[in-house]
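Structure record follows, encoded as structure tokens.
Every heavy atom of this structure was used, including side-chain atoms; hydrogens, water molecules and symmetry mates were not. Predicted, not measured: the structure shown is a model, and the values here were computed from it.
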Amino acid sequence: MIKTPQINAYRFPFAYVAFGGNPTHWWTRFLKKGFYHCVLLIGNGFEWILIDPVMHYTDLILMHQRYAPEILKHKGYRLIRTTLTLPQTVSFHLRPMTCVETVKRFLGISNPKIWTPYQLFLYLKSQKRKIFLDK
């Protein structure tokens, strides 16, 4: 049995999913306007980690900005406040690693019917515990 090291750490309590972006590839014409990309912002209110999964890598940006969600809103992104949860069951679905799939895995969402940023937006908006923030 492998034991994980004990570290003094905690999970960030706040998470925002930001939807927006520009159509950069030919296949984005099939996506809903304004929902070309999604990123995840997790933090504690003073320090934030921006997780930006793009096609060939995932960018992690540490931000020491208290108003990081407002900065994304000002840049034209649509935000939904949510929480990070650990999935209760183990389910494996073979799906391409997209921005949506990366955000879903961080949030503990294993719904195989969510493929596009707009579908993820509708799913998060439908959750009663989520707080919806519009532009």
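- Separating the CG atom in Leu40 from the CG atom in Leu50 is a distance of 8.0 Å, to the nearest 0.5 Å.
- The minimum heavy-atom distance linking His37 with Pro53 is given by the pair CE1-O, 3.0 Å.
- Under the 4.5 Å side-chain heavy-atom criterion for ILVMFWY residues, a single connected hydrophobic cluster contains both Val103 and Ile109.
- The main-chain N or O of Ser110 is never found under 3.5 Å from a side-chain atom of Lys104 such that the two would form a donor-acceptor pair.
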- [ ] May I have the step-by-step check of side chain to side chain contact (heavy atoms under 4.5 Å, CB included) for Leu72 and Leu79, ending in yes or no?
- [x] CA-CA 8 Å; Leu72 284 176; Leu79 298 172; 4.3 Å; yes

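- A donor-acceptor distance shorter than 3.5 angstrom exists from the side chain of Trp48 to the backbone of Gln65, with no hydrogens or angles considered.
- Within the model, atoms OG1 of Thr82 and OH of Tyr16 stand 10.5 Å from one another, a figure rounded to the nearest 0.5 Å.
- Linking ILVMFWY side-chain heavy atoms closer than 4.5 Å, directly or via other members, places Phe106 and Met97 in two distinct hydrophobic clusters.
- At distances below 3.5 Å, at least one donor-acceptor pair connects side-chain atoms of Gln119 with backbone N or O atoms of Thr116.
- Interatomic distance, CD1 of Ile51 versus SG of Cys38, reported as 11.0 Å (0.5 Å rounding).
- If you take CD on Glu101 and CD1 on Ile114, they are separated by 9.5 Å, rounding to the nearest 0.5 Å.
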TODO: Assess whether side chain to side chain contact (heavy atoms under 4.5 Å, CB included) is satisfied between Arg105 and Thr102, documenting all intermediate values.
DONE: CA-CA 5 Å; Arg105 289 182 186 212; Thr102 302; 6.0 Å; no

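- The pair Glu70-Lys73 does not count as a salt bridge, with every side-chain nitrogen at least 4.0 angstrom from each carboxylate oxygen.
- In terms of hydrophobic clustering, with Ile, Leu, Val, Met, Phe, Trp and Tyr side chains grouped at heavy-atom distances under 4.5 Å, Leu41 and Tyr67 are assigned to different clusters.
- Distance CZ/Phe19 to CZ/Arg78: 9.5 Å, rounded to 0.5 Å.
- Of all non-hydrogen atoms in Asn44 and Glu47, the two that sit nearest each other are OD1-N, 2.8 Å.
- In this structure, His56 has no side chain to side chain contact (heavy atoms under 4.5 Å, CB included) partners at least two apart in sequence or on a different chain.
- Two different hydrophobic clusters hold Trp115 and Met55 under the rule that ILVMFWY side chains link at heavy-atom gaps under 4.5 Å.
- Residues Met63 and Ile49 are not in side-chain contact: their nearest non-hydrogen atoms beyond the backbone lie 4.5 Å or more apart.
- Tyr57 shares a hydrophobic cluster with Val54; the chain of contacts runs through ILVMFWY side chains whose heavy atoms sit under 4.5 Å apart.
- Here Phe121 and Phe35 bring their ring centres to under 6.0 angstrom of each other.
- Using a 4.5 Å heavy-atom cutoff, the side chains of Asp52 and Thr58 are not in contact.
- For the atom pair Ile42 CD1 and Phe14 CZ, the distance stands at 12.5 Å (nearest 0.5 Å).
- Other residues sharing a hydrophobic cluster with Leu31 under the 4.5 Å side-chain heavy-atom criterion for ILVMFWY residues are Tyr36.
- Under a hydrophobic-cluster definition in which Ile, Leu, Val, Met, Phe, Trp and Tyr are linked whenever side-chain heavy atoms come within less than 4.5 Å, directly or via other members, Ile61 and Ile71 are assigned to different clusters.
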